[in-house]
**Q** 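Sharing a structure with you now.
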Amino acid sequence: MAELSSILNGHQQRSGATLLPSVLITTRHGESAANVEFQLAEATGALTVPITCRDADIPLSMQGQAQAQALGRWWAALAPSDRPRAVWCSPYVRTAETARIALAQAAGLGAVPVGLAVRYDERLRDRELGILEMLTAAAIEKRHPEEAARRRKMGELYYRPPGGESWSDVALRVRDCLRDLCVEEAGRPVLLVAHDNVVLMLRYVLDRLTEEQLLALDAVRNCSVGVWRAGYDRLLPELWNETGHLDG
């Protein structure tokens, strides 16, 4: 068997075909309590945010819960063949809540089986920021000016804060997770619930973007959806960062 060279062309083969989910749908979690606090801090120039729990334990805001419900309604409105029958999710509270609420909404509308299992995978966890965790942009400039300068020099794709991860580090675990997902969920639609940088790296990997193309993308919005469909032995992009289902 040929060596696995990439997530797009290195899967194990069955009857000559690349193993892929029929549809891969990705979403970022709904608005979290930390999203709200950081928006407020950035607007006021505050150096700190009133968050004392672990990053992994930050819950959704009320708005985030409503966004997850809207995601579930969007899920239920999909064509039956495209409705995810498998869910892969970051184990963090805000992603787990998003998956649970969306699943309950879709199941309540009769679109998916009640009690559909969610698979939690630590490779889908949020990017780890090390010494920069829970610091606003103003706080980083004030407390770690040398790191702020190094970040600007290295660029977002390769900058790794002390004790943390670069975007490239996240891309490595995303590739590894996708290999398992493609084999285990071959032939059926899948929903993947993760974080902004993880979803961004998914697109980077799946669409084979350059650094320049990656950095030109807009930030991934809360409960936005991206869709890739199997074709020509790879997953082809169909939708990206779509939030029309959140209107109203």
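Note that the coordinates shown come from a computational prediction; the quantities given were computed from them, not determined experimentally.
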**Q** Step by step, work out the side-chain contact (heavy atoms from CB on, under 4.5 Å) result for Asn35 and Ile58.
**A** CA-CA 10 Å; Asn35 294 153; Ile58 295 171; over 6 Å; no

**Q** Given side chains that start at C-beta, do those of Asp126 and Asp55 come closer than 4.5 Å, heavy atoms only?
**A** yes

**Q** Apply side-chain contact (heavy atoms from CB on, under 4.5 Å) to residues Cys177 and Leu124 and explain how you reach the verdict.
**A** CA-CA 8 Å; Cys177 184; Leu124 298 176; 3.8 Å; yes

**Q** Any heavy-atom pair between the side chains of Arg151 and Leu132 that's under 4.5 Å?
**A** yes

**Q** Are Leu215 and Val220 connected in the hydrophobic side-chain network, where two residues link if heavy atoms are under 4.5 Å apart?
**A** yes

**Q** I'd like to know if Arg85 and Glu185 make a salt bridge, using a cut-off of under 4.0 Å between side-chain N and carboxylate O.
**A** no

**Q** What is the distance from atom OH of Tyr158 to atom OG of Ser168, rounded to the nearest 0.5 Å?
**A** 5.0 Å

**Q** Roughly how far, to the nearest 0.5 Å, is CZ of Arg229 from CG of Leu20?
**A** 13.0 Å

**Q** Under a 3.5 Å distance rule, please check whether Arg94 uses its side chain to pair with a backbone N or O of Gly64 as donor and acceptor.
**A** no

**Q** With the side chain counted from C-beta on, respond yes when Arg127 and Leu129 share a heavy-atom pair under 4.5 Å apart, and no when they do not.
**A** yes

**Q** Just verifying a value: how many Å separate Arg123 CZ and Leu181 CG, rounded to the nearest 0.5 Å?
**A** 9.0 Å

**Q** Please list all pairs passing the salt bridge (Lys or Arg N to Asp or Glu O under 4.0 Å) test where one or both residues lie in residues 30-49, with sequence neighbours left out.
**A** none

**Q** For the side-chain hydrogen bond (donor to acceptor under 3.5 Å, both in side chains) test, which of Thr27, Asn241, Asp218 pairs with Ser224?
**A** Asn241

**Q** Please find the pair of heavy atoms, one from Ala230 and one from Pro21, that lie closest to each other, and give the distance.
**A** CB-O, 3.4 Å

**Q** State which residues pass salt bridge (charged side-chain N to carboxylate O under 4.0 Å, His left out) with Glu141; sequence neighbours excluded, sorted by chain then number.
**A** Arg152

**Q** Other than Leu47, what residues sit in its cluster of Ile, Leu, Val, Met, Phe, Trp and Tyr side chains whose heavy atoms are under 4.5 Å apart, directly or through others?
**A** none

**Q** If Ile, Leu, Val, Met, Phe, Trp and Tyr residues are connected whenever their side-chain heavy atoms lie under 4.5 Å apart, and connections chain through other members, are Leu236 and Val174 in the same group?
**A** no

**Q** For a 4.5 angstrom cut-off between non-hydrogen side-chain atoms, does Val190 reach Pro84?
**A** no

**Q** Mind listing the closest non-hydrogen atom pair of Leu246 and Ala70 along with its distance?
**A** CD2-CB, 3.7 Å

**Q** To check you understand the geometry: which heavy-atom pair defines the closest contact between Gly45 and Ala138, and what is its length?
**A** O-CB, 4.4 Å

**Q** Do the side chains of Arg173 and Asp176 get close enough for a salt bridge, i.e. N-O under 4.0 angstrom?
**A** no

**Q** Applying side-chain contact (heavy atoms from CB on, under 4.5 Å) to Phe38 and Met134, what does each step give before you reach the verdict?
**A** CA-CA 9 Å; Phe38 268 91; Met134 295 300 167; 3.9 Å; yes

**Q** Checking Arg73 side chain against Ala68 main chain: does a donor-acceptor pair fall under 3.5 Å?
**A** no

**Q** Report yes if some heavy atom in the side chain of Asp180 is under 4.5 Å from a heavy atom in the side chain of Cys182; otherwise report no.
**A** no

**Q** Can you find a heavy atom in the side chain of Glu165 that is under 4.5 Å from one in the side chain of Asn197?
**A** no

**Q** Please check if Ile131 and Ile51 belong to a single hydrophobic cluster, counting links between Ile, Leu, Val, Met, Phe, Trp and Tyr side chain heavy atoms closer than 4.5 Å.
**A** no

**Q** Under the 4.5 Å side-chain heavy-atom rule for ILVMFWY, direct or indirect, which residues accompany Val193?
**A** Val23, Ile25, Leu71, Trp74, Trp75, Leu78, Val87, Leu103, Val112, Leu116, Val118, Tyr120, Leu191, Val225, Val227, Leu239

**Q** Nearest 0.5 Å, please: how far is OG in Ser32 from NE2 in His195?
**A** 9.5 Å

**Q** Any chance you could measure Arg143, atom CZ, to Leu135, atom CG, to the nearest 0.5 Å?
**A** 5.5 Å

**Q** Does the Arg125 side chain pair with the main chain of Glu122, one donor and one acceptor, at a distance under 3.5 Å?
**A** yes

**Q** Quick check: is Leu172 connected to Met154 through a chain of hydrophobic side chains (ILVMFWY, heavy atoms under 4.5 Å apart)?
**A** no

**Q** What is the minimum heavy-atom distance between Val93 and Pro59, and which atoms define it?
**A** CG1-CA, 3.9 Å

**Q** Under 4.5 Å between any side-chain heavy atoms of Glu97 and His29, yes or no?
**A** no

**Q** Determine, step by step, whether Ile140 and Thr136 satisfy the side-chain contact (heavy atoms from CB on, under 4.5 Å) criterion, reporting the C-alpha distance in whole Å, the side-chain angles of both residues, the deciding distance to 0.1 Å, and the verdict.
**A** CA-CA 6 Å; Ile140 294 171; Thr136 65; over 6 Å; no

**Q** Determine which pairs satisfy salt bridge (Lys or Arg N to Asp or Glu O under 4.0 Å) with at least one residue from residues 195-205, sequence neighbours left out, and list them in order.
**A** Arg28-Asp196, Arg203-Asp207

**Q** CG of Leu192 to CH2 of Trp88: how many Å apart, nearest 0.5 Å?
**A** 8.5 Å

**Q** Hydrophobic clusters here meaning ILVMFWY residues chained together by side-chain heavy-atom distances under 4.5 Å, can you tell me if Leu60 and Met62 are in one?
**A** no

**Q** Are Pro162 and Arg150 packed together at the side-chain level, in the sense that at least one heavy-atom pair is separated by less than 4.5 angstrom?
**A** yes

**Q** Can you tell me if CD on Glu146 sees more than 12 non-hydrogen neighbours from other groups inside 6.0 Å?
**A** yes

**Q** Using a distance-only test with no angle check, is there a side-chain donor-acceptor pair under 3.5 angstrom linking Tyr159 and Glu147?
**A** yes

**Q** Which residues pass the side-chain hydrogen bond (donor to acceptor under 3.5 Å, both in side chains) test with Ser22, sequence neighbours left out?
**A** none

**Q** Is a side-chain N or O of Glu238 found less than 3.5 angstrom from the main chain of Trp228, in a donor-acceptor match?
**A** no

**Q** Quick check: does any side chain N or O of Thr95 sit under 3.5 Å from a backbone N or O of Ser90, one acting as donor and the other as acceptor?
**A** yes

